[in-house]
Amino acid sequence: MTKRKDTTLKPEAETKTQDSAAVAEAATSKGIPRRTFMTGTAATVTAATVLPNLRMARAAETGPIKIGHIEDLSGNLAVYGVQKYHAALLAVKEINEGKTLKGGPVGSGGVGFTSNFAASPPVMGAGDKDLKYVDKGGALSNSGMAFVEDEDVLVDSGESGLLGREVELIAPDGQSNNNIWQQLTRKLILEDKVDCLVAGFTSAEREAIRPIVDQYKQLFFYTNQYEGGVADSNTFCTGAIVEQQVIPVVDYMIQKFGPRVYTIAADYNFGQLTAAWTKAFAPLVGGEIIEEEFVPLSVSDFTTSIARIQAAKPDWVFTLLVGTNQSNYYPQAAAAGLEYPMASTVNMAQGYEHRRFKAPSLNRMYNCVNYIEEIPTARNRAFVKRWYEMFPDDPYIGQMAQNTYFSVHLYAKAARLAGTTDQETVKKALESGLSIEAPEGAVFLEPSTHHCSHYIRLATADANHNVSFVREWPSIQPWWLQRVGVNLVKHKEYKQYIPDEDPFFSMFSKS
Amino acid sequence: MDVAPLVLSLLYQFGTGAAFFFLAALGLVVILGMMNIINLAHGELMMIGAYTATITYHAGVPFWLSVILSFFVAAAFGAVLELLIVRRFYGRELGALVVTWGVSLVLGQGALLFFGPFLPSIGIPGGSFSYGDFSFSAYWLILVLISLLLILALWWLYNRTPYGLQAKATMQNAEMAKSLGVRTPQIYTLTFSLGAGLAGLSGALLAPTVTIAPFMGQQFVAPAFITVVVGGAANVIAGAVASSAVLAAVKTPIGMAFGSFSGTVALLFAALIIIRIMPNGISAALQKYFNRRAGGAMR
Amino acid sequence: MRTIVGLISGGADIGRTRVFWIGFGVVVLLFLLYPTQTSAFRVSNVSYYLLNIPLGLGMALLWGYCGVLSFGHVAYFGIAGYIYGVIAGNMSGNPFGPLAGVAGGLLASAFVAGIFGYFVFYARVQKWIIPILTLVLTLLLETFLGQTAGYQWRIGSVLLGGYNGMTGIPWFQLGGFVFEGYSFYYLCLLVVLACYFGLRMLVNSNFGQVIVAIREDELRTELFGYDIRARQWVVFVLSAMLAGLSGLLYVQWGNYITPSQVGLLQAALPVIWAAVGGTTSLLAVVISAFALNWVTYTLSAQGNQYAMVIIGSLLVVTMLFFPRGIVVMIAERLGRLTARRAAPSQLQP
């Protein structure tokens, strides 16, 4: 990709006098009163010169630290964008109040957990925001699931703000329009000169701004779950990826319900690549994708799809449906009497379908998530409480919102470690092996891939839409990019890998 | 696999598909088909109906009552819209297109700002029944029935009531109708608000099957327009019925065999071809055919 | 030479007087000087406002002068952009790759428009169905492009990218000179001026007068012996190429294109620019396209959630009170004022 060269400008004073003289000359010869013309020109040129200079006069190392944040606050994706914006606001407020999350350059693992074994996992109700238990789990026994009770992880940072300066969040509205995203990214980087950029919901939005980010070497956090593969020295992806969500849930479902899988996915990159992953991976664990169907994002009538699923008779259905239109599948399937178990990585925790749709639409839905509001640990209950104190009218705290929350704190920790906001130094600090105690659990930012290892839980909803957790993986590393050979510490890259570039899939596939 | 359940499934899909097209197009049939107003706010009118139904339902009103309420709320909205804005655009089709697009932006974003990203949904009423390997939602069958009832009601309204006569006269020749004593401004307002009310009614009926979000109307705009255009203006009701049936007949088998995306593509292609062959819609072609037959018999 | 001047100063667009041309010259000069006074960032923004103008011009030509509303005109914007990306991306080492890409993009837009126009005009489809048909076409295109995510969807070495879009599209270059940053801004300015003057000459020519006649009354014009279908077809293809030109400039501005560029929201924008400015004047659409893009950007940059409400209200207000377009009606009023002032002298023997 060609880099943009900065054209050097002539010294401004000379240019102004020369050009305005020339223009005035041209004007007078055509009979316009010289005075009005000169005044007009002078005013325009002065305004054009003075205003940008005023901004440049502000020095770089004093004044607030600026975090740029672009999300969709209006338009079709406002549903998700507003949550992430609130998360950023909460994190910035906590930083300015002198708080931070525990963690540091201590490698993966973090706080160890002593385990009190309960006979059955606790079941959280679909009720209000206090996370009421429906069932606290059984009495102590030796076998079964470990349920961890740890203290809150929000501690004092030792200073107010960051590096002695206040943190300011600049958060314009992307309006679900990719052109505006590009303009806003340019504005935040070139005009506001943000120290850190946190932005992006869909992969389309991320890919729209990543070239601009790379052009200006802007430090960029992408906090959404996505299809994986971004290997970019300027970008840190803190959302969960395929090997952390798809593979555990597919493995579990094949073992529990059977090998015949019907995939119904949103018809764009995320849906297609995730389905491709599933298709390549399922045979390795004894499963078989009997049918794949890709549904355009605008479709909301699933009568045909439901009939096709019934004709195919799978053991379970893998639903990768994105957006408000496609989530209509659940009530329609329930109304049609479809009773197959379902697995997903994008529903429940993101669009809170189990709260929006009447039971039993989400019955027997299994979802591998790195965060869901119903997580019963003490640190999450404290986080949820803090959130609803600041935003009492919010409907739900989604997975991506939590990612944004700990990513902003992560940036603060890295900047503190680096001792400066200089972006190259902070990027190096982020590659130092930072871990952070997020509400989900201990999260480790893996240096070579710029992705996070996450605490993964397999959540399921029952016929009353109560959420329980049937299995946990305390730490799943982002191993796919490692397998592909990415090491951003040693070798800078700026691309996104796709499964077809990975020879292991074809090597071990059994189709 | 047994053939009988499969056939039943296909018939069911055909019926529900046709009902979906018909309901989506219902309000637009009156406004575009009869009044020639290209109403790009059609989706938002359906949204108003759905929102009314949802809000009243969650306030405790029984679902069927909410639906009827939505009709009147949307009709009131339509009347206001007509009086303030639309009435200046009769005869200016493209102007109507642009101004209703502006209205739709205001309504959609306004709903977002006022009500938030979305409202809790209404559960789909009615249970399900199964036959062989397939099971079906009963609610859609109810919608098919309601669609048939609405067709009959509309036909009765336009062919057996004084209003219907006056409305047809006004649409054919406003000047003449006015000079014969028809109060054309009132007719216009009534017709537009009827169209808006029907759109709201459809929105409320379809509300249990979709997410209640500010821009939910947009998913109905394209199918509605295609249905009305393919149906044609010669006989709007018959046209809408015919085109719903034809479009569903194309979409169902292809969608079943190849997936719903292929079904949508086939549908769009079929629409393009039909418009190419019958530029004035199916109803016009049918009318021509029947006229020719009648004319031939008389010769 | 005289005929060119005559064509440019013809009456088919607003602004013919000396004062007007002086003002025009001043504005152009200010645009020329702008980059020397501001940062690269602002120049890039203004480039974006400028590059959308050919699309608006195509819209004005087709809708205002010929009476055909193409609601899905952005389809040609997208086609040209994607084709450029494919061709230039595949010829990435070659200095003439971008040039081939430009030619390919324009040809592709013209080709698709040609076929579509044939179906629409030679079938004598009713005027009010055309917007819907074109909208269906662009939605079809968006849906198709949105599902090209897999690795199998590549042409040569360039991935179509599906909903994520095509990235890394190369800058335009002539020989060794690459148009980026400031040079790209001047390229946009040059293209806009060329298109504007070219179109102005076209609408003032005989051809232009015939298409206006077609807009006014198709049957009458046909009875005069003109083949209206052929002329409508030509205008349609030409306006599609203008849309394609905007698309070509766009992919060089952002090095990136997605299917949403041909979606419903984007499709409505040129319609809005033309309607608000005034479809019957090229200059009006130039001004409104620039101004509306500027307004949209400024609103969104301030994190304003009311942006869409404001744009929608603006549209409604314009259509109610300025039915012929804001700029056009202001120009008419100005014209009447100056005519009144000039009238006494004209009456003198």
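Computed from a predicted model, the values in this text were never measured in an experiment. Any value given below was found using the heavy atoms of this structure, including those in side chains, with hydrogens, waters and symmetry copies removed. Every chain is numbered from 1, with letters handed out A, B, ... down the list of sequences.
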Note to self: If you count heavy atoms of other groups shown closer than 6.0 angstrom to CZ of Phe121(C), is the number above 12?
What the structure shows: yes
Item checked: Distance (rounded to the nearest 0.5 Å) between Trp101(B) CH2 and Ile272(C) CD1 -> 7.0 Å
Next item on the list: In sequence, state the C-alpha distance, the side-chain angles, and the governing distance for Phe89(B) and Leu320(C), and then conclude on side-chain contact (heavy atoms from CB on, under 4.5 Å).
Entry: CA-CA 9 Å; Phe89(B) 291 95; Leu320(C) 282 178; 3.9 Å; yes
Notebook entry, point to check: Among Leu97(B), Ile226(B), Val103(B), Leu84(B), which has the most heavy-atom pairs under 4.5 Å with chain C?
Noted result: Leu97(B)
Next item on the list: Counting only heavy atoms closer than 4.5 Å, note whether Ile85(B) contacts chain C via side chain, backbone, both or neither.
Entry: both
Margin query: Tell me if the OH atom of Tyr49(C) is crowded by more than 12 foreign heavy atoms within 6.0 Å.
Written below: yes
Notebook entry, point to check: chain B heavy atoms under 4.5 Å from Leu137(C): which part of the residue, side chain, backbone, both or neither?
Noted result: neither
Checklist line | Residues, nucleotides or ligands: over 12 heavy atoms within 6.0 Å of Tyr122(C) OH | finding: yes
Margin query: Please give me the minimum heavy-atom distance between Val98(B) and Ala275(C), naming the atom from each residue.
Written below: CG1-CB, 3.6 Å
Next item on the list: Using the side chain to side chain contact (heavy atoms under 4.5 Å, CB included) rule, pick out the option among Leu105(B), Val99(B), Thr100(B) that qualifies with Val316(C).
Entry: Val99(B)
Next item on the list: Verify the neighbour count for atom OH of Tyr158(B): are there more than 12 heavy atoms of other residues, nucleotides or ligands below 6.0 Å?
Entry: yes
Note to self: Working note: Phe71(C) + Leu40(B), criterion side-chain contact (heavy atoms from CB on, under 4.5 Å); need CA distance, chi angles, decisive distance, verdict.
What the structure shows: CA-CA 12 Å; Phe71(C) 202 78; Leu40(B) 283 183; 3.8 Å; yes
Checklist line | Where Ser313(C) and Val106(B) come nearest, the two heavy atoms and their spacing | finding: N-CG2, 3.4 Å
Checklist line | Pro323(C) versus chain B, the contacting section by heavy-atom distance below 4.5 Å | finding: both
Margin query: Surrounding NZ of Lys288(B) (heavy atoms of other residues, nucleotides or ligands, distance under 6.0 Å), is the total greater than 12?
Written below: no
